[in-house]
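These numbers come from the heavy atoms of this one structure, side chains and all, not from hydrogens, waters or symmetry mates. Computed from a predicted model, the values in this text were never measured in an experiment.
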Amino acid sequence: MAKNLLIVESPAKAKTINKYLGKDFHVLASYGHVRDLVPKEGAVDTDHNFAMNYEVIERNEKHVAAIAKAAAGAESVYLATDLDREGEAISWHIAEILRERNLLKGKTLHRVVFSEITPKAILEAVANPRQLSMDMVNAQQARRALDYLVGFNLSPVLWRKVQRGLSAGRVQSPALRMIVEREEEIEAFIAREYWTVAANLAHPEQNFSARLTRLHGKKFEQFDLVNEHDAFAARDALARAAGGKLVVSEVASKERKRRPAAPFTTSTLQQEAARKLGFTTSRTMRMAQNLYEGIALGDEGVVGLITYMRTDSVSLSQDAVAELRDVITREFGAKGLPEQPNVYKTKSKNAQEAHEAVRPTSALRTPKSVNAYLTPEQAKLYELIWKRTVASQMQFATLNTVSVDFACGTDSTFRVSGTTVVDPGFLAVYEEGQDQKSDEDEEQRRLPTMKVGDVIPLIDIAADQHFTEPPPRYSEASLVKTLEEYGIGRPSTYASIIQTLLAREYVLLDSRRFKPTDVGRAVAKFLSGHFTRYVDYDFTAKLEDELDAVSRGEEDWVPLMQRFWTPFKALVVEKNETVERSEASGSRVLGTDPKSGKPVSVRLGRFGPFAQIGTKEDEDKPKFASLRTGQSMHTISLEDAMELFKMPRQLGQSPEGEDVSVGIGRFGPFVKLGATYASLAVTDDPYTIELPRALEIVREKAEAAANRLISSFADGKIQVLNGRYGPYITDGEKNARMPKDREPASLTEAECVELLAAAPIKAKRGGKFAKKGKAAAKDKPEKAAAVKKTAAKKPAAKKTAAAKKTAAKKAVAKKTAVKKVAAKKAPTLDAPFD
């Protein structure tokens with residue numbers, strides 16, 4: 001056995017590093033985090049300095065066991081997890097587990113960090129170990145405790161006041177508020193009409209247009225012409241004054257320098273990959289992880305192609321800069337190289353300058369030289385990183401901007417601008433993308449040479465109508481940029497924030513832009529109205545600053561936690577007692593029902609947004625109708641809402657004379673033929689479906705039911721059926737799987753009896769949320785606790801039922817169906833780790 005044990009996070013990284021260190025080292029992977037808070041209330045003890053109760057994560061128990069076994073036989077243990085706070089915390093957790101198992105006695109424990117997976121970086125790191133940084137560990141523990149306490153206490157408030165299964169997070173909630181506020185801006189926006197005037201000119205070398213800048217002696221502003229009459233009058237007057245030509249009155253030329261963008265940080269990489277490659281943040285980070293951990297490059301073996309991809313630093317090492325300058329000289333000549341290396345300062349005041357920017361581990365590995373070993377996605381991202389890094393150390397671009405004014409009569413002026421590239425410099429390699437067009441984009445054109453006094457023939461003068469546009473919805477790139485500008489979240493959290501919002505269905509992507517759902521808007525409105533401080537941008541950013549101060553050893557984490565917890569808990573208690581559910585449902589009155597004279601309203605309910613005629617105080621029960629897909633309770637009109645109450649629709653009669661109708665029930669739209677119900681397909685619209693299609697749906701259901709029974713025994717008490725996931729055997733109490741080597745129809749009664757006897761007893765249904773609560777017990781502690789409280793109020797189940805809960809049923813409940821429910825419905829903390 002090797003005398004040294006080195007532990008990293010991922011198996012891919014372990015495989016690569018093992019080749020560099022040789023036989024004296026045994027390299028194992030922790031497979032990410034090894035411990036987390038126990039999934040129950042009290043995991044963070046707020047009464048005893050926020051002591052945290054951890055347990056080994058179930059899915060990683062076997063990996064922890066392998067690490068413990070290897071540590072027992074090693075002389076030294078090297079903790080080589082990632083170099084950020086999260087990685088530091090993983091190393092500390094591993095060390096704590098080994099100490100608790102008395103496996104570090106007489107052994108040397110080392111902490112090593114590296115920002116690239118290359119032989120040189122790995123060997124240098126191992127040769128220069130350090131101690132664990134408890135400041136970084138405590139900062140990560142504080143973040144985890146904060147996220148846990150917010151989720152565990154705030155999410156149940158949302159369940160009671162808004163809707164079951166919702167979640168609130170410390171960083172997730174301000175991000176949601178940001179998206180919702182932008183949507184409200186768009187809805188409140190009132191478009192204004194304005195007109196532009198342009199002269200289309202016919203220069204001998206090329207045609208171009210010039211925009212009006214002065215009209216009748218005054219500077220022409222955007223809203224000087226706001227209707228067709230005035231615009232056409234101005235156009236005609238200008239045309240008369242021009243007399244078929246314009247004269248060059250002024251030519252201004254200005255040379256300017258444009259400097260390259262800094263190398264990538266995590267957030268700028270995510271933004272550019274979204275703009276230029278169409279990658280989501282999670283996709284970008286996944287591809288970057290692959291490139292960082294190592295790619296097999298033929299005879300060269302597995303090589304890490306980029307440095308660590310979770311960083312907010314724009315620094316480059318001296319070795320990297322020297323290599324980049326050699327590559328630039330070789331590829332672009334000496335003129336592409338500045339006299340001194342370009343130095344960049346990070347915009348984030350809390351950037352960890354010990355890290356480097358995201359860069360190629362070797363600029364000598366050009367995209368062309370490695371493309372054959374990469375997937376198309378990996379190749380695109382590597383090329384983006386390589387070009388940005390190389391461009392960052394190149395000469396500035398020299399541009400010449402020319403503006404030409406044209407006199408029109410004695411008191412009006414048109415202007416055209418253009419830019420020519422004198423020296424491309426870094427633009428020969430890379431140009432940073434933009435979220436929106438700027439004025440500079442309009443100037444990126446070449447103009448013919450002109451001088452004062454030149455007469456340019458006029459083709460015509462055009463007046464064009466425009467309307468102001470609302471601010472655009474956030475894209476992934478612009479949301480990440482805005483979060484970073486506000487100081488909300490950190491590089492490693494942006495992808496998880498976005499994924500949580502999408503998974504919770506608080507937002508959806510519409511043309512790659514975030515649009516909040518009714519549920520998302522209800523949550524944001526409730527939190528903004530009742531927990532204002534905790535979704536405030538400045539408050540969230542200040543808390544991030546304090547966590548950074550803890551990581552630098554400038555602040556103690558326990559007082560920080562106390563300052564947050566005391567007022568937060570008091571507010572949670574208060575809101576639980578004082579806020580009515582109706583207040584949090586986002587109720588909106590649309591008008592009055594013409595027939596009954598009762599109010600028509602919309603609000604968020606247990607199963608989504610719905611319309612309602614009447615109130616619960618009326619003598620007659622209110623009428624309810626769910627909103628259709630694509631409708632929003634915030635924008636639906638009274639007319640559209642009234643259409644919803646036309647259900648059920650009578651479609652006609654079947655050939656046998658039975659009535660056929662279509663309606664919408666608790667579980668979605670359905671067709672009814674006599675006493676038979678059949679669900680509509682996703683592609684069927686209950687408001688437009690006609691009789692022939694409805695009859696076809698009922699017929700398909702009847703055929704499926706007829707084909708469901710394969711065989712039966714014991715007067716139908718034992719049946720072999722076709723199920724949703726294939727054939728199975730049932731007696732009503734138990735379900736048994738079909739043997740893989742048998743045809744269902746060939747089973748005998750005796751075989752069915754034997755298979756049923758060996759099958760586990762089906763779990764009893766303990767109410768709508770019992771199964772979900774159990775599912776959430778491991779991964780979603782907040783929901784599990786709330787369900788546990790609810791269950792405690794109900795009568796105890798019979799002991800006979802409890803005795804039937806076999807180990808097999810527990811395993812199924814824990815590892816399969818319930819995890820799907822928990823993943824979608826149980827509240828999620830923001831990024832559980834830094």
Side-chain angles (χ1 to χ4, degrees), residues 158 161-164 166 176-177 179-193 467-471 473 505-508 510 515-530 579-651 661-670 680 684-689:
L158 292 176
K161 306 300 181 182
V162 183
Q163 189 184 76
R164 296 291 302 186
L166 301 179
L176 174 61
R177 175 192 168 193
I179 294 171
V180 169
E181 286 181 344
R182 176 58 59 86
E183 192 70 18
E184 291 172 345
E185 282 183 67
I186 294 170
E187 289 174 356
F189 181 81
I190 299 174
R192 292 184 62 185
E193 181 181 6
F467 292 92
T468 53
E469 295 183 355
R473 292 187 178 120
E505 297 180 354
Y506 288 169
V507 302
L508 51 84
D510 182 7
K515 180 180 180 180
T517 63
D518 283 346
V519 174
R521 292 180 71 151
V523 170
K525 182 178 179 181
F526 177 77
L527 295 177
S528 297
H530 297 285
V579 179
E580 295 294 329
R581 183 181 178 90
S582 58
E583 182 185 346
S585 66
S587 179
R588 175 172 165 249
V589 177
L590 303 179
T592 304
D593 174 20
K595 292 183 179 179
S596 66
K598 294 180 180 180
V600 180
S601 60
V602 288
R603 66 185 178 90
L604 188 66
R606 189 175 182 180
F607 301 104
F610 65 90
Q612 175 178 326
I613 298 177
T615 65
K616 62 181 180 180
E617 287 79 20
D618 294 341
E619 188 174 327
D620 298 327
K621 288 185 177 180
K623 293 181 180 179
F624 304 98
S626 296
L627 268 61
R628 301 174 65 183
T629 301
Q631 289 182 326
S632 168
M633 54 185 278
H634 297 276
T635 57
I636 190 172
S637 65
L638 174 63
E639 182 181 2
D640 289 338
M642 294 308 299
E643 287 291 317
L644 301 173
F645 291 96
K646 291 184 177 179
M647 292 292 171
R649 288 173 56 220
Q650 299 300 319
L651 302 181
S661 62
V662 62
I664 300 177
R666 178 178 173 184
F667 301 106
F670 62 86
L680 268 63
D684 292 315
D685 186 344
Y687 292 89
T688 59
I689 191 172

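Looking at residues two or more places apart in sequence or on another chain, you find a side-chain contact (heavy atoms from CB on, under 4.5 Å) between Pro686 and Met647, Val662, Ile664, Pro669, Leu680. Partners of Arg628 under the side chain to side chain donor-acceptor pair (under 3.5 Å) rule, at least two apart in sequence or in another chain, are Asp685.
By the neighbour-count criterion of 12 heavy atoms within 6.0 Å, atom NZ of Lys598 is densely surrounded, having more than that number from other residues, nucleotides or ligands. Counting non-hydrogen atoms of neighbouring residues, nucleotides and ligands closer than 6.0 angstrom, the CD atom of Glu469 reaches no more than 12 such neighbours. Counted within 6.0 Å of NZ on Lys161, heavy atoms from surrounding residues, nucleotides or ligands total more than 12; the atom is thus considered enclosed.
Within the 4.5 Å cutoff, no side-chain heavy atoms of Lys623 are placed close to those of Asp593. The shortest side-chain heavy-atom distance between Met642 and Ile613 falls under the 4.5 Å cut-off. Residues Leu527 and Arg177 have side chains not in contact (no heavy-atom distance under 4.5 Å, counting atoms from C-beta outward). Counting heavy atoms from C-beta outward, Leu644 and Phe610 have side chains that stay 4.5 Å or more apart. Considering only heavy atoms from C-beta on, Arg473 comes within 4.5 Å of Ile186 through its side chain.
Side-chain atoms of Ser601 never come within 3.5 Å of backbone atoms of Ser587 as a donor-acceptor pair (strictly under, hydrogens ignored). Side-chain N or O atoms of Arg588 include one that pairs as donor or acceptor with a backbone N or O of Ile636 at under 3.5 Å. Judged purely by atom type and a 3.5 angstrom limit, Gln612 has no side-chain atom pairing as donor or acceptor with the backbone of Val600. Panel note: side chain Asp518, backbone Met633; a donor-acceptor pair is recorded below 3.5 Å.
Between Val180 and Ala524, the closest heavy-atom pair is CG2-CB, 3.6 Å. Closest approach of Ile190 to Thr468, counting heavy atoms only: O-OG1, 4.2 Å. Among all heavy-atom pairs drawn from Gly605 and Gln163, the shortest one is O-NE2, 2.7 Å. Ala191 approaches Phe467 most closely through the heavy-atom pair CB-CB, 4.4 Å. Counting all heavy atoms, side chain and backbone alike, Leu590 lies closest to Ser637 at CD1-O, 3.9 Å. Nearest heavy-atom pair across Arg649 and Thr688 is NH1-N, 3.5 Å.
Here CD of Glu643 is found 3.5 Å from NZ of Lys646. Values are rounded to the nearest 0.5 Å. One distance of note links NE2 of His634 with NZ of Lys525; it measures 7.0 Å at 0.5 Å rounding. Distance check: Asp640 CG to Gln631 CD gives 6.0 Å after rounding to the nearest 0.5 Å. Between atom CZ of residue Arg521 and atom CG of residue Leu176 there is a gap of 10.5 Å, rounded to the nearest 0.5 Å. The distance from atom CD1 of Ile179 to atom CD of Glu184, rounded to the nearest 0.5 Å, is 12.5 Å. Between the CG atom of Leu638 and the OG1 atom of Thr592 there is a distance of 7.5 Å, given to the nearest 0.5 Å.
Judged purely by distance below 3.5 Å, without hydrogens or angles, the side chains of Thr615 and Glu617 pair a donor atom with an acceptor atom.
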